[in-house]
Amino acid sequence: MICTLLAIFSLFSKAMAEARERTFIMVKPDGVQRGLVGKIIKRFEEKGFKLVALKFTWPSEELLKKHYADLASRPFFPGLVKYMSSGPVVPMVWEGLNAVKTGRVMLGATNPADSAPGTIRGDLCIQVGRNIIHGSDSVESAQKEIGLWFTEKEVIGWTPATTTWVYED
Ligand code: DAT
Ligand code: MG
């Protein structure tokens, strides 16, 4: 009996944890300059994901070098850091079931020339060096990126009134 209850509880808490997956999404300087912030936020809101953190900030080269540390040896790295630090950006954290993977699908391929129509990059940009949006590529990188851009207090846990209309019981 206790075992059954524990099993049900663990399945329930696993489902809850999955629904609370978080991804780091950022409108890049070209997205901000081109007035696409509202349009991009709207896509994530309309999907049903929950906004848990957002800011408007002009990032330092130091922060961007940490954010893109994995790409430090790539030939495009200096240009990437220069572009990303060229103006304000809008970093955000979105939460929901499969937020990381679905977020990447919503962004489209890294190079907009290969991004499917209907994706953010596929619809709104043309070149890889001006691809308007960043999204975490794994749950681990999301955790690292959220920690780089936000303090714990800046990430807000809350329950939208729509939750039971977005998720099955
Ligand atoms: P993504 O942003 O889809 O996760 P990534 O992590 O491989 O792609 O690269 C980070 C960013 O670096 C990418 O959004 C745009 C830039 N970039 C990647 N490959 C590039 C290339 N071949 N030339 C110029 N910029 C590139
Ligand atoms: Mg990446």
Side-chain angles (χ1 to χ4, degrees), residues 19-72 76-113 115-160 162 166:
R20 285 203 309 267
E21 186 172 294
R22 288 174 173 172
T23 189
F24 177 77
I25 299 291
M26 176 162 56
V27 183
K28 295 181 176 182
D30 44 344
V32 173
Q33 295 287 352
R34 293 179 50 204
L36 298 172
V37 174
K39 201 168 255 183
I40 289 170
I41 290 177
K42 191 175 160 73
R43 294 216 183 193
F44 284 86
E45 274 190 324
E46 285 184 342
K47 178 73 178 164
F49 286 132
K50 171 169 57 162
L51 182 64
V52 293
L54 174 144
K55 65 173 82 165
F56 181 69
T57 178
W58 192 320
S60 66
E61 289 197 7
E62 191 192 354
L63 174 59
L64 291 161
K65 283 178 183 164
K66 283 187 195 157
H67 175 81
Y68 281 126
D70 292 353
L71 301 172
F76 57 81
F77 185 74
L80 175 63
V81 171
K82 188 168 169 233
Y83 148 60
M84 287 297 299
S85 60
S86 67
V89 295
V90 179
M92 298 171 260
V93 181
W94 289 89
E95 184 180 290
L97 186 64
N98 296 322
V100 170
K101 187 168 172 242
T102 304
R104 291 288 292 191
V105 174
M106 290 168 68
L107 260 60
T110 301
N111 189 337
S115 313
T119 63
I120 294 168
R121 286 167 172 165
D123 288 350
L124 302 172
C125 56
I126 294 173
Q127 282 197 307
V128 70
R130 297 289 183 273
N131 65 359
I132 71 166
I133 185 165
H134 167 84
S136 310
D137 62 7
S138 67
V139 173
E140 295 69 39
S141 23
Q143 282 163 357
K144 187 198 110 186
E145 291 166 1
I146 292 166
L148 263 181
W149 291 86
F150 291 99
T151 64
E152 266 182 39
K153 276 191 172 175
E154 287 172 330
V155 184
I156 313 289
W158 64 294
T159 306
T162 52
V166 174

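All residue numbers refer to positions in the sequence shown, counting from 1.
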Please tell me if the side chains of [X] and [Y] come closer than 4.5 Å, counting only heavy atoms from C-beta onward.
X    : Y    : value
I120 : I40  : yes
M92  : V27  : yes
M26  : M84  : yes
H67  : W149 : yes

Exercise for the section: Could you please spell out the steps behind the side-chain contact (heavy atoms from CB on, under 4.5 Å) verdict for F77 and K65? Expected result: CA-CA 9 Å; F77 185 74; K65 283 178 183 164; 4.0 Å; yes
Problem - Distance (rounded to the nearest 0.5 Å) between C125 SG and I133 CD1 - result: 9.0 Å
Fill in the blank from the handout: So NZ of K28 and CG of L80: to nearest 0.5 Å the spacing works out to 6.5 Å
Handout entry: Plane angle bin for H134 and Y68 - parallel if under 30°, tilted between 30 and 60°, otherwise perpendicular
Key = perpendicular
Handout entry: Heavy atoms from other residues, nucleotides or ligands near CG of L71 exceed 12 (cutoff 6.0 Å)
Key =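 Above 12, so yes.
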On a heavy-atom basis, which atom in [X] and which in [Y] lie closest, and how many Å separate them?
X    : Y    : value
I156 : K153 : CD1-O, 3.6 Å
F56  : P88  : CZ-CB, 3.4 Å
D30  : N131 : OD2-N, 3.5 Å
F44  : I25  : CZ-CD1, 3.8 Å
P59  : L64  : CG-CD1, 3.9 Å
G48  : V166 : O-CG1, 4.0 Å

Practice task
List the steps and the verdict of side-chain contact (heavy atoms from CB on, under 4.5 Å) for Q33 and S86.
Solution key: CA-CA 10 Å; Q33 295 287 352; S86 67; over 6 Å; no
Problem - Trace of the side-chain contact (heavy atoms from CB on, under 4.5 Å) decision for I41 with L54 - result: CA-CA 10 Å; I41 290 177; L54 174 144; 3.8 Å; yes
Exercise for the section: Taking side-chain contact (heavy atoms from CB on, under 4.5 Å) as the test, write out the residues that go with Q143, two or more places apart. Expected result: V139
With no hydrogens and no angle check, is any side-chain donor or acceptor of [X] less than 3.5 Å from a backbone partner on [Y]?
X    : Y    : value
W158 : L51  : yes
R22  : A142 : no
W58  : S85  : yes

Handout entry: Sidechain N-carboxylate O distance under 4.0 Å for R43, D123
Key =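 Counted as a salt bridge, because a side-chain N and a carboxylate O are separated by less than 4.0 Å.
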Practice task
Would you verify whether the NZ or CZ of K55 falls within 45 degrees of the ring axis of F150 while also being under 6.0 Å from that six-membered ring's centre?
Solution key: yes
Can I get a per-line list of side-chain donor-acceptor pairs under 3.5 Å for residues 98-113, giving both atom names and the distance, sequence neighbours left out?
from	atom 1	to	atom 2	distance (Å)
T102	OG1	N98	O	3.1
R104	NH1	G135	O	2.9
N111	OD1	A113	N	3.0

